[in-house]
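Down below is the structure, laid out as structure tokens.
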Number of protein chains: 2
Amino acid sequence: MTDKALPDQIADKLRRDILKGVLAPGQQIKERDHATDLDVSRTPMREAIRILAKEGLVLLRPSRSPIVADPSFEEISDVIEVLTALELRSGALACQNATDEDITRIQAMQDHMDSCQGKIDRIDFFELDMEFHMAIAAASKNAVLAETHSAFVRRLWRARYLSASRKDSSDRVKRQHHDIMQAFCDRDPELMCAKISVHLDALIENVRDKYAKESESK
Amino acid sequence: MTDKALPDQIADKLRRDILKGVLAPGQQIKERDHATDLDVSRTPMREAIRILAKEGLVLLRPSRSPIVADPSFEEISDVIEVLTALELRSGALACQNATDEDITRIQAMQDHMDSCQGKIDRIDFFELDMEFHMAIAAASKNAVLAETHSAFVRRLWRARYLSASRKDSSDRVKRQHHDIMQAFCDRDPELMCAKISVHLDALIENVRDKYAKESESK
DNA sequence: TAATTGCATTTGGTATACCAAATTTCTGTT
DNA sequence: AACAGAAATTTGGTATACCAAATGCAATTA
């Protein structure tokens, strides 16, 4: 763990805090305070903040304190739209370019997720979910596509986390994953794209519900 | 001009140098040297380098000097593939969401490009070409999509610049743009996507030719 | 001669100091 | 009491100092 670059370590810590809500949306992130908190200097802290800004978790404001991003539904929905475009292309390419080993390995990841369901920390479960989607993108054998896709998956992490509160949703997600995996095993690009669309459309609806409930509770 | 943030100004300068080839692919960018060259300190120079790394123009290597990116054909082709995914989605959405003013404005941009052809600096012409594609993406009314799309257009700038040496290609590009614009005016998503595909497939072939010629000249 | 070891130098990473812009606090006036 | 303006403080931006890892080079050895 100590071998990772310091700014990355700091970014990891801050990211976790943001995703868990320890750092609330809209809250200021003052370089000095957070740097001294973590016993580092401002330099790597600044870099860490830029990393999170690139991921869309933090908003940089010239000559002002950066703040934790507080995206509107429209923004989240826009991000999901981009993710959809990327993931559809990834899926189709993966059907074409994945090795058999890729498929069995990703199948194993899914099995592992199933066996972990409800037994582990929700944050850790979401890590697995992310890794599953990223593994499919990686199987497209287009490194740029996989990397870009990862960036957007990560950017949506908090929104997905928050919108997954409905207890039935995890079962539905599980079924959607199985559908995607089925098409992937058959290397059927059209079907796979269709199932990915279902999955991500459902995500938009989940997020929409979440935002609707939030606004009515005010 | 002086109102822009210092790291951005530095990044602009470096970017131009990279795209024009003043800084050759593979060449090291030493923080101290380039900082003193531009009469700034290492801090904003470091930030500028990170900006260019985000754009894919520079490669960061932990504890080593960053180097100017020297992408293989496969990498460029991967980037174009991602751009295609983004631009297809943009085009379809633009057909749906663009205002009539958007369309007439973009039409005017194209007319302007036509009238400028051959009369202006190739670099300036490419700026117009970029702006044309970015304007279509912006007309999708998905800000995230437009921004991401822009990043990839910019990332391909040098490859397109280098591969546009063939003198007939500009006429072909002009025709392809007209086809895209025709579909856009008719708000026909399928046709527009088809024409965008043609355009970007042609780009891949242009780049492939360029790389083939380059390798045989060695 | 080729390889290797050890030292000197270069260079990125981090910490700190300084500055200017922005924010907050305080104070005096109406 | 409310507002305006100025002083004090906070805070991001930049410059510089220091360190450790990486690199280059030369002397030494097989």
Side-chain angles (χ1 to χ4, degrees), chain A residues 1-18 22-71 147 151 155, chain B residues 1-18 22-71 147:
Chain A
M1 180 52 126
T2 169
D3 48 62
K4 264 179 86 175
L6 188 50
D8 288 322
Q9 293 182 42
I10 300 173
D12 288 346
K13 167 80 174 111
L14 288 182
R15 191 184 302 109
R16 256 191 118 75
D17 284 348
I18 292 174
V22 177
L23 295 175
Q27 183 176 337
Q28 294 187 350
I29 303 181
K30 316 206 168 170
E31 294 181 358
R32 276 182 185 75
D33 300 356
H34 287 265
T36 55
D37 276 358
L38 300 180
D39 269 309
V40 295
S41 80
R42 286 177 59 201
T43 316
M45 171 59 69
R46 272 176 75 82
E47 272 203 48
I49 290 175
R50 306 305 154 117
I51 292 174
L52 297 179
K54 187 171 101 182
E55 297 177 6
L57 287 175
V58 159
L59 212 63
L60 296 181
R61 308 175 301 171
S63 291
R64 279 181 193 73
S65 292
I67 57 176
V68 178
D70 187 11
E147 193 182 330
R155 188 160 166 183
Chain B
M1 181 52 124
T2 170
D3 48 61
K4 262 178 87 174
L6 189 50
D8 288 324
Q9 293 183 41
I10 300 172
D12 288 347
K13 167 81 174 109
L14 289 181
R15 190 183 302 111
R16 256 193 119 73
D17 284 349
I18 292 174
V22 178
L23 294 175
Q27 182 176 336
Q28 293 186 350
I29 304 180
K30 314 205 169 174
E31 294 181 358
R32 275 183 185 74
D33 300 356
H34 286 265
T36 55
D37 276 359
L38 300 180
D39 270 309
V40 296
S41 80
R42 286 178 58 203
T43 316
M45 171 60 68
R46 273 177 73 82
E47 271 203 48
I49 291 174
R50 307 303 154 118
I51 292 174
L52 296 179
K54 186 170 101 181
E55 297 177 6
L57 288 175
V58 159
L59 211 63
L60 296 180
R61 308 175 300 172
S63 291
R64 277 182 196 74
S65 293
I67 57 177
V68 177
D70 188 10
E147 194 182 331

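In what follows, chains are A, B, ... by sequence order, proteins preceding strands, each numbered from 1.
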Would you kindly give the [atom1]-to-[atom2] distance between [X] and [N], to the nearest whole Å?
{"X": "E31(B)", "N": "dA22(D)", "atom1": "CD", "atom2": "P", "value": "15 Å"}
{"X": "I10(B)", "N": "dA15(D)", "atom1": "CD1", "atom2": "P", "value": "8 Å"}
{"X": "D39(A)", "N": "dT16(C)", "atom1": "CG", "atom2": "C1'", "value": "15 Å"}
{"X": "I67(A)", "N": "dG12(D)", "atom1": "CD1", "atom2": "C1'", "value": "15 Å"}
{"X": "R50(A)", "N": "dT14(D)", "atom1": "CZ", "atom2": "P", "value": "9 Å"}
{"X": "L59(A)", "N": "dG12(D)", "atom1": "CG", "atom2": "P", "value": "14 Å"}
{"X": "E47(A)", "N": "dT14(C)", "atom1": "CD", "atom2": "C1'", "value": "10 Å"}
{"X": "K30(B)", "N": "dT10(C)", "atom1": "NZ", "atom2": "C1'", "value": "7 Å"}

Going by an N to O cut-off under 4.0 Å, is there a salt bridge joining K13(B) and D17(B)?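 A salt bridge is present here (some side-chain N lies under 4.0 Å from a carboxylate O).
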Salt bridge or not for E55(A) and R155(A), using N-O below 4.0 Å?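 No salt bridge links E55(A) with R155(A).
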I'd like to check [X] versus [Y] (side-chain heavy atoms, cut-off strictly below 4.5 Å). Are they in contact?
{"X": "L57(B)", "Y": "V68(B)", "value": "no"}
{"X": "V22(B)", "Y": "I18(B)", "value": "no"}
{"X": "Q27(A)", "Y": "I67(A)", "value": "no"}

Answer yes or no: does a side-chain N or O of R46(B) lie under 4.0 Å from OP1 or OP2 of dG13(C)?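 For R46(B), the contact criterion (side-chain N or O under 4.0 Å from OP1 or OP2 of dG13(C)) is met.
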Taking only side-chain N and O atoms of R61(B), does any of them lie within less than 4.0 angstrom of OP1 or OP2 on dA21(D)?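 For dA21(D), OP1/OP2 do not have a side-chain N/O of R61(B) under 4.0 Å.
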Which nucleotide in the list dT10(D), dT14(C), dG12(C) gets nearest to the side chain of S41(A)?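 Of the candidates, dT14(C) comes closest.
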Quick one: which of dT10(D), dA15(C), dT11(C) gets closest to the side chain of R32(B)?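 Nearest to the side chain of R32(B) among the choices is dT11(C).
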What is the nucleic acid contact for [X], judged by heavy atoms within less than 4.0 Å: base, sugar-phosphate only, or nothing?
{"X": "T43(B)", "result": "base"}
{"X": "R64(B)", "result": "sugar-phosphate"}
{"X": "I49(B)", "result": "nothing"}

Reading DNA chain C from 5' onward, which residue's closest nucleotide shows up sooner: S63(A) or V40(A)?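 It is V40(A) whose nearest nucleotide is closer to the 5' end.
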Please compare Q28(B) and P66(A) by the position of their nearest nucleotide in DNA chain D and report the one closer to 5'.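 Nearer the 5' end of the strand: P66(A).
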Indicate, yes or no, whether a donor-acceptor pair under 3.5 Å links the base of dG13(D) to the side chain of R42(A).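 Looking at the base of dG13(D), it does pair with a donor or acceptor on the side chain of R42(A) (distance under 3.5 Å).
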